[in-house]
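Because the structure is a prediction, the values reported are computed rather than measured. Below, chain A is the first sequence line, B the second, and so on; all start at residue 1.
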There are 2 protein chains.
Amino acid sequence: MARGQETRKRILDVAQSAVLAKGFDATSIDEIVANAELTKSGFFYHFRDKNALALALIERHIEIEDQLFDELLQRARDLAEDPLQRALIALKLLAELIDDMPNGHPGCVVATAVYQDRLFDREVREANRRAVLGWRRRFRAMFDDIVAVYPAQDDVDLDSLADMVSSVIEGGIVMARALAEPSVTAQQILLLRSYVKVLFSPR
Amino acid sequence: MARGQETRKRILDVAQSAVLAKGFDATSIDEIVANAELTKSGFFYHFRDKNALALALIERHIEIEDQLFDELLQRARDLAEDPLQRALIALKLLAELIDDMPNGHPGCVVATAVYQDRLFDREVREANRRAVLGWRRRFRAMFDDIVAVYPAQDDVDLDSLADMVSSVIEGGIVMARALAEPSVTAQQILLLRSYVKVLFSPR
DNA sequence: TCCAAATTCCTACCGCGGGTACAGTACCAT
DNA sequence: ATGGTACTGTACCCGCGGTAGGAATTTGGA
């Protein structure tokens, strides 16, 4: 890795841990450059402004999260043949994954960006949108597999249902933080799992 | 209303519309005092700091929202006898209510506070928590009425289920904003309605 | 080995926003 | 008339994002 890229990565690492701990706008550039051991000028050489930093962080985060989802879905596929069972396993794993995150997950980056609108520009919002659409695609495929075998007990739009996975995660995070009860997020995901179960289980 | 209370209200009104339009931290005190036609000193006479303003706004907002929920649940009670029907009607009304909000609802205050943590202090978070617990109580009662008549098709915790209403709203708002598709929130609520339907409908 | 480009440092500065300090004033009720 | 309540006015501080522009250093390539 070229010298410049190393520094860039160091900045991102430092910024990431600070942002996850305290939030984006509570993390000052001065603080980042201090911990990354370079100067303010050095920072602005790598990032046009704080927005550019946010964009880089978000893109990085999304990549990792995508990978996480893929692994999770793959594990579910390995554990069962039946598409409904696979989905139920996947949602169970997802709930466990989120429950295991120590201080209750760092709070999804997507939502942070959504709720600090004015801080971010078009590019950031676009990256955000692509990420969410990616999740929709993944879970939609999961539900497509199910309906090919089990008819739904109620008339639902599968894209919306796929969105519901993300929606419940995001909402669950908000609720967990509002209530100061980290376990809430996982509980909400398990309720979604229950929905999937009763929706597709044959009578 | 005393002279002081009038001014205080004027500040809150001006602040509210600005905050709903642009977000809390994008709204400067200078701007508020300009539109409320008083001075900075005048502002700080009424509010210790920006935090106190946030608290007042949130408490006000929660009051209105509580009233809205109560009206909605009352209307549902008027429209049907059967507790399951009532719940389904309430959720339908809720979806319509949210869908009718012009530029897609202003984004729930609770979530804004949650995601701008460091901006707010303990008091604000406490107010937030109480609000969410209030919603839990309301919807929990709704579900209690249902289980008294219809056994659930799956084993679910009713508090969690009650929380799911809030959760889906919050998550739906995040998704709608992330996707720039305002209709998403209402769709998510209708999916929750579908869950309630299949969960409690006798086989 | 030398040059140019890339990378990092240094210093000084700007504007905005939240917030403080404090003196003065207008109004209203007892 | 007096004392609280509700302000106005002015001046100031600090942190933060960001800019300006030159100097130094490192690095890869001809």
Side-chain angles (χ1 to χ4, degrees), chain A residues 1-19 21-58 112-113 115-125, chain B residues 1-58 112-113 115-124:
Chain A
M1 180 155 42
R3 183 160 139 271
Q5 292 306 306
E6 258 174 50
T7 307
R8 195 186 145 92
K9 183 177 178 300
R10 211 170 61 240
I11 295 173
L12 285 176
D13 287 341
V14 166
Q16 183 169 28
S17 73
V19 166
K22 314 184 300 179
F24 186 73
D25 53 346
T27 304
S28 74
I29 295 178
D30 284 324
E31 179 196 339
I32 294 172
V33 303
N35 290 327
E37 278 163 40
L38 83 167
T39 58
K40 217 172 174 182
S41 320
F43 174 88
F44 283 106
Y45 175 78
H46 288 284
F47 300 97
R48 186 168 85 267
D49 52 23
K50 222 189 171 187
N51 231 311
L53 174 68
L55 185 59
L57 280 176
I58 286 179
T112 334
Y115 277 105
Q116 297 184 359
D117 238 25
R118 66 110 206 188
L119 275 172
F120 304 120
D121 57 14
R122 223 201 68 258
E123 272 181 307
V124 174
R125 283 194 290 275
Chain B
M1 178 155 43
R3 185 157 137 271
Q5 293 307 307
E6 259 173 51
T7 308
R8 196 187 144 92
K9 184 177 177 301
R10 213 169 61 240
I11 294 173
L12 285 174
D13 287 340
V14 166
Q16 181 170 29
S17 73
V19 166
L20 289 184
K22 315 184 300 181
F24 186 72
D25 55 345
T27 303
S28 73
I29 295 178
D30 285 325
E31 181 196 338
I32 295 172
V33 303
N35 291 326
E37 278 164 40
L38 83 167
T39 59
K40 216 175 173 180
S41 320
F43 175 88
F44 283 107
Y45 176 79
H46 287 283
F47 300 97
R48 186 170 83 267
D49 52 22
K50 221 188 171 187
N51 232 311
L53 174 68
L55 185 59
L57 281 175
I58 286 179
T112 333
Y115 277 106
Q116 298 184 359
D117 237 24
R118 65 113 203 181
L119 276 173
F120 305 118
D121 57 15
R122 223 201 68 256
E123 272 182 307
V124 173

Round to a whole Å and report the spacing from [atom1] of [X] to [atom2] of [N].
| X | N | atom1 | atom2 | value |
| --- | --- | --- | --- | --- |
| R48(B) | dG18(C) | CZ | C1' | 14 Å |
| F44(A) | dC9(C) | CZ | P | 14 Å |
| K50(B) | dG17(C) | NZ | P | 9 Å |
| I32(B) | dG17(C) | CD1 | P | 11 Å |

Heavy atoms only: give me the nearest [X]-[Y] pair and the separation to one decimal.
| X | Y | result |
| --- | --- | --- |
| A15(B) | I32(B) | CB-CD1, 3.9 Å |
| F47(B) | A56(B) | CE2-CB, 3.9 Å |
| E31(A) | A18(A) | OE2-CB, 4.0 Å |
| E123(B) | R48(B) | OE1-NH2, 4.2 Å |

| field | V33(B) and V14(B), any side-chain heavy atoms less than 4.5 Å apart | value |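 The answer is no; the side chains never approach within 4.5 Å.
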| query | Is any side-chain heavy atom of L53(A) closer than 4.5 Å to a side-chain heavy atom of L57(A)? | reply |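 Yes; the side chains approach each other to less than 4.5 Å.
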Please write out each protein N/O paired with an N/O of nucleotides 11-16 of chain C under 3.5 Å, distance rounded to 0.1 Å.
none

| query | Which nucleotide of DNA chain D is the first, and which the last, in the 5' to 3' direction, to come under 4.0 Å of a heavy atom belonging to chain B? | reply |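 Reading along DNA chain D, I get dT5(D) to dT10(D).
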| Counting only N and O atoms by type, is there a donor-acceptor contact under 3.5 Å from the side chain of K22(B) to the main-chain atoms of S17(B)? |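 Not confirmed, K22(B) side chain does not pair with S17(B) backbone.
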| Okay, side chain of K50(A), backbone of F24(A): is any donor-acceptor separation there less than 3.5 Å? |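 Indeed, once roles are kept as given, a pair shorter than 3.5 Å links the two residues.
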Output the distance between atom [atom1] ([X]) and atom [atom2] ([Y]), rounded to the nearest 0.5 Å.
| X | Y | atom1 | atom2 | result |
| --- | --- | --- | --- | --- |
| N35(B) | D13(B) | CG | CG | 12.0 Å |
| F43(B) | L38(B) | CZ | CG | 9.0 Å |
| T7(A) | Q5(A) | OG1 | CD | 9.0 Å |

| message | Checking E37(A) now: which residues fulfil salt bridge (charged side-chain N to carboxylate O under 4.0 Å, His left out) with it, not counting sequence neighbours? | response | none
| field | Partner set under side chain to side chain donor-acceptor pair (under 3.5 Å) for D49(A), not counting sequence neighbours | value |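 Expected list: none.
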| request: Look at all strands and tell whether S28(B) reaches a base, only sugar-phosphate, or nothing, counting heavy atoms closer than 4.0 Å. | output: sugar-phosphate
Protein N or O to nucleotides 3-7 of chain C N or O, pairs below 3.5 Å:
from, atom 1, to, atom 2, distance (Å)
dT7(C), OP2, Y45(A), OH, 2.6
dT7(C), O5', Y45(A), OH, 3.4

| Which dot-bracket string describes DNA chain C (Watson-Crick N1-N3 plus N6-O4 or O6-N4, or G-U N1-O2 and O6-N3, all under 3.5 Å; [ ] crossing; | other strand)? | ||||||||||||||||||||||||||||||
